[in-house]
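The structure appears right after this line, and notes come after that.
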2 protein chains.
Amino acid sequence: MTIGSLAEATQTRVETVRWYEKVGLLPPPARSSGNYRLYGPEHLRRLSFIRRGRALGFTVEQIRDLLALADDRDRSCGEVDTIARAHLAHVERKLADLTRLASELREVIGQCGCGSVSDCRIIEALSPLGEPA
Amino acid sequence: MTIGSLAEATQTRVETVRWYEKVGLLPPPARSSGNYRLYGPEHLRRLSFIRRGRALGFTVEQIRDLLALADDRDRSCGEVDTIARAHLAHVERKLADLTRLASELREVIGQCGCGSVSDCRIIEALSPLGEPA
DNA sequence: ATGCACCCTGTAGTCACTACAGGGTCAAGG
DNA sequence: CCTTGACCCTGTAGTGACTACAGGGTGCAT
């Protein structure tokens, strides 16, 4: 399968597939006589894994680690669990930040009477002093 | 005030202050005889505005727009409101994504019995086929 | 033989900084 | 007077995870 069909099968951009190869996430595939990349089912599996990991918000580095662990099937699952839990903690921190941020924004927006900028509550909320000179 | 005290007063890194100047968010200040940047209260106000905006998650481009609007005090507040509402919508979309993501992660992690990798539910959840060859 | 979709490499751009390298300035202490 | 150390300067390159070309080659159908 060519890079185009692999990309389509995994909802990935062609450039991204080449980039995964360059940074070592995806092994270099065989080449056709015309120098086209030719992928097999193992590549499809690996790229699907990568994309699913990215969709779950794992970094490329974490996915690199997860792939190495996944290849070593007799190993204990503990390290996988550790990576996943660390990531969940990270996501939960971000979630808390965003929740606070959204409520601050809602409050600021709610106060805007949409008059002139000189008494705009949104601008005021951003300004350090209530009414700058 | 020197760049160091301005940075400290606004909880900003010195490099970041210089960067805001380079990209035109902060006007170039006067210089001392030894070529040090010398800031006044107007710079402090403007940088505080920028930092507060960033803390609320506005992009630098949005802050540039907000600053231009804030400078034009007779103008209607409508554009400010539009920017803020667009940003809130963006934050809420992100929040929804992260919420879904966190629950997916919790589910995956909850299923891990921490045995060997070969029957790790986390790896399985990432793999496209239940049990790759 | 020509058009077109697809592929190749390599480089530069995105965003909002951050991290140096390699210097200059300034005030205090010896 | 000299040195030490904290601060400042410019300029460039790096971060993460791609994205967007430029400038060319390949493969297939008409």
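Below, chain A is the first sequence line, B the second, and so on; all start at residue 1.
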**Request:** Would you kindly give the CG-to-C1' distance between L6(A) and dC7(C), to the nearest whole Å?
**Result:** 14 Å

**Request:** Give one of base, sugar-phosphate or nothing for R18(B), where a contact means two heavy atoms less than 4.0 Å apart.
**Result:** base

**Message:** Looking at E104(B) and R52(A), is there a salt bridge between them, counting it only when a charged N and a carboxylate O are closer than 4.0 Å?
**Reply:** yes

**Request:** Compare side-chain N and O positions of R54(B) against OP1 and OP2 of dC17(C) and report whether any pair is under 4.0 Å apart.
**Result:** yes

**Asked** Does the side chain of Y20(B) get closer than 4.0 angstrom to OP1 or OP2 of dA16(C) through an N or O atom?
**Response** no

**Message:** Could you check whether R51(A) and Y20(A), counting side-chain N and O atoms only, form a donor-acceptor pair closer than 3.5 Å?
**Reply:** yes

**Request:** Grab the CD-P distance between Q11(B) and dT18(C) for me, whole Å please.
**Result:** 13 Å

**Request:** Would you mind checking if E15(B) and R18(B) are paired as a salt bridge, meaning a charged N to carboxylate O distance below 4.0 Å?
**Result:** no

**Item:** Along DNA chain C (nearest heavy atom to each residue), the more 5'-positioned of S32(B) and V60(B)
**Value:** V60(B)

**Prompt:** For dC17(C), does OP1 or OP2 lie under 4.0 Å from any side-chain N or O of T16(B)?
**Reply:** no

**Fill in**
Contact span of DNA chain D against chain A, any nucleotide atom under 4.0 Å from a heavy atom, 5' to 3', runs dA17(D) to dG27(D)

**Prompt:** Could E42(B) and R46(B) be called an ion pair, given the rule that one side-chain N must be under 4.0 Å from one carboxylate O?
**Reply:** no

**Message:** Would you say Y36(A) ends up clustered with L6(A) if hydrophobic residues are merged whenever their side chains have heavy atoms under 4.5 Å apart, either directly or through other cluster members?
**Reply:** no

**Prompt:** Can you tell me how far P of dC15(C) sits from CZ of R64(B), to the nearest Å?
**Reply:** 10 Å

**Message:** Between P on dC7(C) and OH on Y39(A), what's the gap in Å once rounded to a whole number?
**Reply:** 10 Å

**Prompt:** Should the pair E92(B)-R85(B) be classified as a salt bridge under the 4.0 Å nitrogen-to-oxygen rule?
**Reply:** no

**Prompt:** So if you build clusters from Ile, Leu, Val, Met, Phe, Trp, Tyr with side-chain heavy-atom gaps below 4.5 Å, do L38(B) and L26(B) land together?
**Reply:** no

**Message:** Output the rounded distance in Å from CH2 (W19(A)) to C1' (dG13(C)).
**Reply:** 15 Å

**Asked** Paired stems touching DNA chain C, three or more consecutive Watson-Crick or G-U pairs with both distances under 3.5 Å?
**Response** C:1-30 with D:1-30

**Request:** Whole angstrom is fine here: how far is it from CD1 in I50(B) over to P in dA16(C)?
**Result:** 12 Å

**Request:** Starting at atom CZ of R13(A), determine the distance to atom C1' of dT14(C), rounded to an integer number of angstrom.
**Result:** 13 Å

**Request:** First locate atom CG of L105(A), then atom NE2 of H87(B), and finally report the distance between them rounded to the nearest 0.5 Å.
**Result:** 4.5 Å

**Asked** Is a donor on one side and an acceptor on the other found under 3.5 Å between the side chain of T12(B) and the backbone of T10(B)?
**Response** yes

**Message:** Both F58(B) and I3(A) contact DNA chain C. Which one's nearest nucleotide lies toward the 5' end?
**Reply:** I3(A)

